[in-house]
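Computed from a predicted model, the values in this text were never measured in an experiment. Read the numbers this way: they start at 1 and go in the same order the structure lists the ligands and their atoms. Sequence positions, counted from 1, serve as the residue numbers for this chain. Worth knowing before you read on, the calculation uses all heavy atoms, side chains too, and leaves out hydrogens, waters and symmetry mates.
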Amino acid sequence: MHSRRALLYMPGDNWQMITKSITLGVDSICMDMEDGAAVNKKAEARATIAKALQELDFGKSEKLARINSVGSGWERDDIEAVLPYHPDGIVIPKVESFGHVEWASKIIEAAELKYGWPINSIGILAGVETAKGILNLKEIAAHPRLASRAIIFGGEDFAASVGATRTKDAIELLYARQAVIVACAANDLQAIDIVAIDYKDLEALRIESEFGARLGFVGKQIIHPAQVEPVQTAFTPNAEAIVNAKRIVETFAASQKEGRGAYSLDGKMIDMPLLKNAQKVLERANAAGK
Ligand code: COA
Ligand code: MG
């Protein structure tokens, strides 16, 4: 699975930011036709993203294009403008039903057939950021076109959708964030956390990122180059976590051989769930190239 610790947006009409983004070593680059692109710049965003996909080398960064929401009236022109240049994935915002994903999936499959690309070589990452989307997570997360990709939780849109007031500790988003994490875990998808819009406050970003990682998110949306490093660090298991996880994996195997399911390590009880968690830590470290 592609590592998606930091997913950077920029307005799709901003060529300068797109060319900057490929120099940042960011996991995913999401060129935006939705809310980051002004209403009078939608056409320019489509053309600029198409040009970027044709001309730029994104290196190891995942190339994503975010279309406008299904039902906005812009979505078909958006997706048709970028598909011929084979992005790695399409991000659909404000997904509220299986049908929203299915609409895009059919169009993508038609393009894959037309151009002779492998089926499912272009993924969908679903933005879930409304009350309806949270209610319908079960069916959305199960769509096959999402398989081994991600659900992106939009905190600002969700707050607007339910009438919540955003606070610094984001306690008002906790239920929805955890709902996204659960739906992702049940379908082996990656859960991507909220944007910190106060992009100059890197200490607040660190705290919010670490909290998101503890909840179970594997990455976070970002909007500014300064956010890349703190977010990648927070979503990469640190050296201590890796050492601890390795010790659990090793001692667990030895303990099983001796016929003990539960045993003591540094004064703490270790059994199967702790092994599974340790394996997840090592998977994430591995995905991050550590
Ligand atoms: N992606 C790539 N490069 C970016 C960037 C981004 N999201 N945001 C800023 N940069 C670049 C700038 O172009 C500038 O490059 P330069 O030094 O080569 O000239 C550098 O980083 C510093 O930018 P800075 O002056 O600090 O930012 P700003 O004041 O110009 O812009 C924002 C601030 C928030 C308007 C801008 O970061 C932005 O538009 N972010 C994305 C917003 C978005 O896409 N929202 C929708 C999805 S939630
Ligand atoms: Mg949004």
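Environment of NZ in K106: sparse, with no more than 12 heavy atoms of neighbouring residues, nucleotides or ligands closer than 6.0 Å. Within a 6.0 Å sphere centred on CD of Q54, other residues, nucleotides and ligands contribute more than 12 heavy atoms. In L265, the CG atom is crowded: over 12 heavy atoms of neighbouring residues, nucleotides or ligands sit closer than 6.0 Å.
If you look at ligand 1, the protein residues with a non-hydrogen atom under 4.0 Å away are L8, Y9, M10, P11, Q16, M17, K20, D32, G36, R66, Y199, I223, H224, P225.
In summary, the side chains of S69 and H100 do not present any donor paired with an acceptor at a separation below 3.5 Å, with no hydrogens or angles considered.
Using a 4.5 Å heavy-atom threshold, the side chains of D35 and D157 count as touching. The shortest distance between side-chain heavy atoms of W74 and V39 falls below 4.5 Å.
Among R4, Q232, H2, the single residue meeting the side-chain hydrogen bond (donor to acceptor under 3.5 Å, both in side chains) criterion with D27 is Q232.
Looking at residues two or more places apart in sequence or on another chain, you find a salt bridge (charged side-chain N to carboxylate O under 4.0 Å, His left out) between E172 and R166. Here Y175 pairs with nothing under the ring pair (Phe, Tyr, Trp, His ring centres under 6.0 Å) rule; sequence neighbours left out.
Here the protein contributes E129 OE1, D157 OD2 as N, O or S atoms under 2.8 Å from the Mg ion (ligand 2).
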